[in-house]
Amino acid sequence: MKRRFRGPGAWVLLLAVASPATAQDFPAGFDETFAVSSLDPDLSHGADAVVRLDLLRFDVHDPGRATQTVRRVVTVLSPEGRDQSELVVPYGRLRRLKKLTGRIFDAEGTVVRRLEKDDQEDRSAISGSTLYEEERVRLARLYHDAYPYTVEFAYEIQHDGLINWPTWYPQEEGMPVVFARFDLTTPLGVDARYVVQGAPLEPEIVHDKRQTTLRWQVSEQPALVIEPFGPAWQDQVIAVRTAPATFEIEGTRGDMRSWQSFGRWYHRLNEGRAALPAVAKRDVLLLTAGASGAREKVQRLYTYMQERTRYVSVQLGLGGWQAFNAAYVHERGYGDCKALTNYMQALLDEAGIASFPALIRAGSRAPRVLPDFPGNQFNHVILYVDLGDGDGVWLESTDQTAPFGHLGAFTEDRYALLAKPGGGELVRTPRSHAAQNQRVLQARVRLTPSGDAAAEIQTHHTGNEQDEIRQRVATRSGRERERWLYEYIDLPSFEIVDADFSAAEKRSLSVALSLTLTLPRYAARTGKRLFLPLNLLHRWTYVPPAEERRTNAVEIFPYAFTHADTIVYEVPAGFAVEAVPDPIEVETPFLRYAARVEVGPEGTLAYYRWVEVTDVSIPAESYDRFRDSMRQIAQADRAQAVLVAPPSPDAERAPLFGPSP
């Protein structure tokens with residue numbers, strides 16, 4: 001549901017009141033002393049904290065300036081809600097923190113303490129991969145030792161440069177809300193745009209001679225429960241997204257009433273920043289000579305870019321949007337997503353190949369982009385290369401180990417805004433399929449009579465299944481690789497004897513990993529029997545909770561995939577296979593699973609497991625079927641074989657490697 005406000009008279013039918021929207025318009029009976037006794041016990045039952053009051057006001061002065069004021073009051077009922085006594089306020093040169101206050105109320109509503117300088121900490125918001133950034137955060141903490149208590153924070157931010165207007169989320173997971181309100185005030189001549197999700201929440205609209213106020217509010221909201229295996233939490237909650245029609249940031253004006261106009265602004269912002277130095281032009285000429293076609297040229301230049309650059313975030317003023325010059329990146333060898341994408345585009349321009357930067361919302365569980373609400377819903381930039389005749393390739397310029405043309409779960413299957421000279425074009429990135437994302441495991445495990453084991457394991461990963469391994473080990477030291485491997489392997493007790501990571505160092509869509517492990521007490525010995533877990537490394541254990549009423553689509557996994565495991569166990573001499581689980585198959589329209597055990601010749605037992613996920617999103621009404629399939633898989637993955645031998649209490653523990661005794 002999308003709405004747009006253009007000024008007085010446009011929304012006469014929605015007017016609810018004729019009086020000005022003042023900050024004191026609370027519901028009848030609202031307790032401003034915040035005494036705990038005034039809380040509705042039905043609302044607060046079982047909660048660790050309750051939001052008593054949450055006010056957000058955004059006063060737009062003109063397309064480039066606004067004042068944001070926030071007041072938030074939370075009653076902390078138990079130590080588990082103590083984190084609500086902390087506040088983090090981001091600010092920077094373009095959004096100045098003007099005021100920050102805080103108070104603590106005891107259970108009776110009496111103020112017992114106020115926020116002091118010692119309760120605050122100011123620090124850089126620089127992340128580990130950021131070189132220059134003007135963003136900072138103010139941390140405020142107000143704790144009280146006697147529960148329950150109430151904490152209040154209020155602050156004001158002055159925005160000087162506007163491309164983003166607020167998104168209002170009146171609820172947080174697990175916290176009831178007594179009263180929350182969002183006021184958006186705009187002067188005459190400044191258009192406001194908004195979209196509401198999660199509730200039929202129309203604004204109250206109030207006009208006066210100079211400005212218009214849109215007001216949304218909710219009250220007596222029970223604790224919010226985020227549905228498991230659902231969309232991002234931002235897509236499950238009540239939200240009011242707002243955006244300007246026109247905006248201004250550091251003297252640069254833009255229009256986001258359409259994707260075309262917003263994309264045109266981004267393209268013009270970076271015009272003239274693709275000039276390369278003479279040495280780079282020479283390299284392009286040499287690299288593309290003899291290439292069989294445009295695709296091979298692109299691949300050669302992409303590898304060239306990867307080998308001579310690294311990702312470093314640089315956020316300075318309009319640097320948050322405007323890319324560094326291509327010559328700057330070439331000479332210094334680093335840049336953020338905008339700069340590296342611009343540099344890659346400059347190399348392709350020099351080779352006569354058309355490409356366009358693409359604004360995108362990155363992240364494997366990222367909130368969805370609303371296609372009918374143009375505006376800044378993005379946090380990343382990649383590059384689309386047009387090879388002609390409907391052919392093209394997508395490039396991630398910030399990953400210096402990524403295979404050519406590979407996006408992965410970070411940016412696949414979602415909307416992206418191509419910034420073209422004629423304007424923006426909203427398109428969708430490709431979606432990978434189960435056959436492309438495979439993990440194949442083959443292992444041979446030798447058991448001793450005591451239940452110890454030694455395992456030789458080879459895994460082969462393709463597509464999205466190779467991303468984590470490549471990203472975690474390709475550029476790491478041997479010690480870092482081993483540390484990651486100990487975290488990655490899900491076994492209660494094991495030692496790594498050997499690991500071969502050499503195949504993960506290549507920019508390939510296929511990665512192989514070889515491991516040798518010792519597994520003390522892998523099989524449990526009870527009397528003359530060994531109880532052998534069959535699924536060596538990849539057990540599914542989680543079963544989603546039952547839900548009486550599912551409302552959101554079921555987002556099964558970030559991408560489709562196929563897993564195939566073959567594990568051969570060498571049964572200790574003198575032991576026989578007494579029992580194995582029956583074969584099992586689980587088949588649904590979106591997921592298939594099969595597992596079986598075969599008793600082989602010469603004292604071996606083979607375990608075969610196969611999983612294929614074909615649909616990553618299914619309707620809400622399919623949740624129970626999905627949950628049942630996960631329950632069956634979790635049960636099957638716990639299956640054990642039973643090996644039996646004549647009692648031999650004095651049996652020695654055989655060596656794990658080398659000849660058997």
Side-chain angles (χ1 to χ4, degrees), residues 1-5 11 14 21 50-51 53-60 66 68-72 74 84 88-90 157 159 162-186 191-205 213-245 247 256 259 262 359-363 365-379 414-415 426 549-555 617 620:
M1 174 176 59
K2 181 173 66 174
R3 296 289 185 267
R4 181 174 175 180
F5 179 73
W11 290 82
L14 292 179
V50 178
V51 178
L53 182 66
D54 196 337
L55 302 179
L56 167 62
R57 185 177 181 91
F58 196 71
D59 292 295
V60 179
Q68 179 177 340
T69 55
V70 174
R71 184 185 177 199
R72 181 176 172 85
V74 179
Q84 295 300 319
V88 179
V89 183
I157 290 180
H159 294 264
L162 278 180
I163 194 169
N164 296 318
W165 285 10
T167 295
W168 182 55
Y169 300 107
Q171 283 186 277
E172 298 177 22
E173 184 177 11
M175 292 181 60
V177 176
V178 177
F179 183 68
R181 187 176 68 216
F182 172 33
D183 288 344
L184 173 63
T185 299
T186 56
D191 292 346
R193 301 164 48 242
Y194 71 88
V195 62
V196 180
Q197 71 176 42
L201 198 63
E202 290 292 349
E204 170 189 318
I205 303 177
T213 297
L214 285 76
R215 168 175 289 180
W216 296 266
Q217 62 186 40
V218 299
S219 60
E220 303 300 317
Q221 295 292 308
L224 176 70
V225 177
I226 299 297
E227 294 181 339
F229 284 93
W233 69 265
Q234 295 95 326
D235 296 328
Q236 295 195 40
V237 301
I238 297 174
V240 178
R241 303 176 187 268
T242 65
F247 60 91
M256 61 173 61
W259 292 119
F262 188 48
L359 302 175
I360 198 165
R361 182 76 184 193
R365 291 286 188 183
R368 62 193 176 101
V369 168
L370 305 180
D372 58 350
F373 190 65
N376 177 32
Q377 303 179 48
F378 311 107
N379 63 357
R414 69 198 66 197
Y415 286 110
L426 195 67
R549 180 175 176 270
R550 178 79 182 196
T551 58
N552 290 285
V554 186
E555 307 290 338
S617 180

Practice task
Could you tell me the separation between the CD atom of Gln221 and the CD1 atom of Ile238, rounded to the nearest 0.5 Å?
Solution key: 5.0 Å

Practice task
Give a yes or no answer on whether the side chain of Gln236 reaches the backbone of Glu227 with a donor-acceptor pair at less than 3.5 Å.
Solution key: yes

Exercise for the section: State, yes or no, whether a side-chain contact exists between Trp165 and Thr186 at a heavy-atom distance under 4.5 Å. Expected result: yes

Handout entry: Smallest separation among heavy atoms of Trp259 and Leu426, with atom names
Key = NE1-CD2, 3.5 Å

Problem - Nearest heavy-atom neighbours spanning Ala362 and Asn379 - result: N-OD1, 2.7 Å

Fill in the blank from the handout: Applying side-chain contact (heavy atoms from CB on, under 4.5 Å) to Arg414 and not counting sequence neighbours gives Ile360, Ala366, Thr429

Problem - Gln84 versus Val74, closest heavy-atom pair with distance - result: CB-CG1, 3.8 Å

Problem - Carboxylate-amine/guanidinium contact Asp183 Arg181, below 4.0 Å - result: yes

Handout entry: Beyond-backbone contact of Glu220 with Val178, side-chain heavy atoms, under 4.5 angstrom
Key = yes

Handout entry: Whether Arg365 side chain and Pro367 backbone form a donor-acceptor pair below 3.5 Å
Key = no

Practice task
Using the side chain to side chain contact (heavy atoms under 4.5 Å, CB included) rule, take Tyr194 and Leu184 through it: C-alpha gap first, then chi angles, then the decisive distance, then the call.
Solution key: CA-CA 10 Å; Tyr194 71 88; Leu184 173 63; 5.7 Å; no

Cut-off 3.5 Å, no hydrogens considered: what does the side-chain donor-acceptor table look like for residues 166-173, sequence neighbours left out?
from, atom 1, to, atom 2, distance (Å)
Gln171, NE2, Pro222, O, 2.9
Glu172, OE2, Arg72, NH2, 2.8

Problem - Whether Arg215 side chain and Pro203 backbone form a donor-acceptor pair below 3.5 Å - result: no

Completion exercise
Distance col, row Asp54:CG vs Gln217:CD, nearest 0.5 angstrom, shows 12.5 Å

Practice task
State whether the side chain of Gln377 and the backbone N or O of Leu370 hold a donor-acceptor pair below 3.5 Å, judged by distance alone.
Solution key: yes

Exercise for the section: Using modelled atom types only, decide if a donor and an acceptor are shared between the side chain of Gln197 and the backbone of Gln234 within a distance under 3.5 Å. Expected result: yes

Problem - Distance (rounded to the nearest 0.5 Å) between Leu56 CG and Thr69 OG1 - result: 7.0 Å

Practice task
Answer yes or no: is there a donor N or O on one side and an acceptor on the other, between the side chain of Arg193 and the main chain of Pro374, under 3.5 Å?
Solution key: yes

Problem - Validation row, ring centre Trp216 to ring centre Phe58 under 6.0 Å - result: no

Handout entry: Met256 to Asn376 - nearest heavy-atom pair and separation
Key = CE-N, 4.2 Å

Practice task
Would you list the pairs meeting salt bridge (Lys or Arg N to Asp or Glu O under 4.0 Å) in which at least one residue belongs to residues 229-243, sequence neighbours left out?
Solution key: Asp235-Arg241, Asp235-Arg368

Completion exercise
Nearest heavy-atom contact between Pro90 and Ile157 is O-CD1, 3.7 Å

Exercise for the section: On the 0 to 90° scale, with breaks at 30° and 60°, tag the Phe262-Phe247 ring pair as parallel, tilted or perpendicular. Expected result: perpendicular

Handout entry: Considering all heavy atoms, the nearest Val369-Tyr415 contact
Key = O-CD1, 3.8 Å

Handout entry: CG on Asp59 to CD on Gln68, rounded to 0.5 Å
Key = 10.0 Å

